[in-house]
Number of protein chains: 2
Amino acid sequence: MHPTLLERLQQQRGYRLTAQRRVVAQVLEGENLHLTADEVLSQAEAMLPEISRATVYSTLQQFVDMGQLLELSLDGRSRRYDPNIDPPHHHLICTECDGVFDVAHNVAAPDAGDGLEIESAQIIYRGRCTDCA
Amino acid sequence: MHPTLLERLQQQRGYRLTAQRRVVAQVLEGENLHLTADEVLSQAEAMLPEISRATVYSTLQQFVDMGQLLELSLDGRSRRYDPNIDPPHHHLICTECDGVFDVAHNVAAPDAGDGLEIESAQIIYRGRCTDCA
DNA sequence: CCGTGGTTTGGACTTTGTCCAAAGTCGGAC
DNA sequence: GTCCGACTTTGGACAAAGTCCAAACCACGG
Ligand SMILES: [Mn+2]
Ligand SMILES: [Mn+2]
Ligand SMILES: [Zn+2]
Ligand SMILES: [Zn+2]
């Protein structure tokens, strides 16, 4: 099994793993999970009532900057956070239930034309999930 | 040449093409254009000073619902609007200048596994544009 | 010309995210 | 063990982006 987000954070050096950070990491643990910042906040509050919104936002941003958390902009409303960075995968937004679902990475090699340098590619599929189809 | 957004709107039936709607369509005219709602608003105000923000937002949404305008959620901040629905194409966000650029559609056929029904796929590339590379 | 229904308007409101100064906490130096 | 400095958290103010709504406006058919 791949190491969890919390395990990956524990390996980071020069980084205090505070109660707040642990709680945020715990909330994010799981398969096929794509929570918004406010969803993370309310679940974190259940475990650590005095945690503040600013901390949740800044902690999420730190995890993203450390490369341990993916930030998804799927709908122009709120960003979603995905702890499963490996293996890389894409996402389907169900047009019926609005859910977000992982889709296996089919290695759609970016076309390297035109002199532009592509670093990464993210695919957003729209359609119906297995439950709604 | 492909018909412009305004031309496509004129072919819609049962739909009043008011001054406000014409101005919004005009602002959106052009190649490689990916404006935010507020950018559309300020350019529209230059042509029709009394136009309101609510109208711009609702007009954009109508164009999107009619299938005549693409709505892009590229960065989790503001949505961008793309009048060039044909031919389909994808987008590159330049990590250096933050610009949005069209990328030719390389027909990355969605993998049809798993019983989910894919209607469309949008690819967001990150990298450096031709100017910055 | 009137009535009716679609359209627009301004402003209030909500959601999502950012910023900051003050307070708190941790770990190493002594 | 205590102190210090750096890192972290907090609450609240602020900002950006978008939504909602009642009232006013306008266009068109009858
Ligand atoms: Mn995922
Ligand atoms: Mn485009
Ligand atoms: Zn579904
Ligand atoms: Zn660039």
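Note on naming: letters A, B, ... go to the chains in the order of the sequence lines (proteins, then strands), and numbering restarts at 1 for each one. Keep in mind the model is a prediction, meaning the values are calculated, not measured.
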(message) On a heavy-atom basis, which atom in Cys129(B) and which in Cys94(B) lie closest, and how many Å separate them?
(response) N-SG, 3.4 Å

(request) Could you tell me whether the side chain of Asp75(A) reaches within less than 4.5 Å of the side chain of Val100(A), counting heavy atoms only? (result) no

(message) Using whole Å, what does the distance between atom P of nucleotide dC7(D) and atom CD of Gln61(A) come to?
(response) 19 Å

(request) Let me know the distance between CE of Met66(A) and C1' of dC7(D), rounded to the nearest Å. (result) 14 Å

(message) Can a donor-acceptor pair be found, under 3.5 Å and without considering hydrogens, that links the side chain of Thr36(A) to the backbone of Arg79(A)?
(response) no

(request) Could you state the atom-to-atom distance from CG of Leu41(A) to C1' of dT10(D) in whole Å? (result) 13 Å

(request) Going 5' to 3' through nucleotides 7-14 of chain C, assign each nucleotide B (protein heavy atom under 4.0 Å from a base atom), S (under 4.0 Å only from sugar-phosphate atoms) or - (no protein heavy atom that close). (result) SSBB-B--

(message) Test your reading of the model: is there a side-chain donor-acceptor pair from Arg8(A) to the backbone of Gln68(A), 3.5 Å cut-off?
(response) yes

(message) Other residues, nucleotides and ligands only: do more than 12 of their heavy atoms fall within 6.0 Å of CD on Glu31(A)?
(response) no

(request) Would you work out how much the helix from dC1(C)-dG30(D) to dC30(C)-dG1(D) bends between its ends, with each end axis defined by five base pairs, to 10 degrees? (result) 10°

(request) Report yes or no: does Arg22(A) contribute a side-chain atom to a donor-acceptor pair with the main-chain N or O of Leu17(A) at less than 3.5 Å? (result) yes

(message) In whole Å, I'd like the distance from the CG atom of Asp75(B) to the P atom of dG17(C).
(response) 11 Å

(request) For a side-chain contact (heavy atoms from CB on, under 4.5 Å) with Leu28(A), tell me which candidate from Val40(A), Leu6(A), Asn84(A) qualifies. (result) Val40(A)

(message) Could you tell me how far apart Tyr57(A) (OH) and dA16(D) (P) are, to the nearest whole angstrom?
(response) 16 Å

(message) Donor-acceptor pair, distance only, cut-off 3.5 Å: does the side chain of Arg126(A) make one with the backbone of Thr95(A)?
(response) no

(request) Would you kindly give the CG-to-P distance between Asp38(A) and dT18(C), to the nearest whole Å? (result) 12 Å

(request) Nearest whole angstrom, please: distance from the P of dT16(C) to the CG of Leu35(A). (result) 13 Å

(request) Let me know the distance between CZ of Arg77(A) and C1' of dA17(D), rounded to the nearest Å. (result) 12 Å

(message) Any side-chain to backbone donor/acceptor pair from Arg21(B) onto Arg16(B)? Under 3.5 Å, distance only.
(response) yes

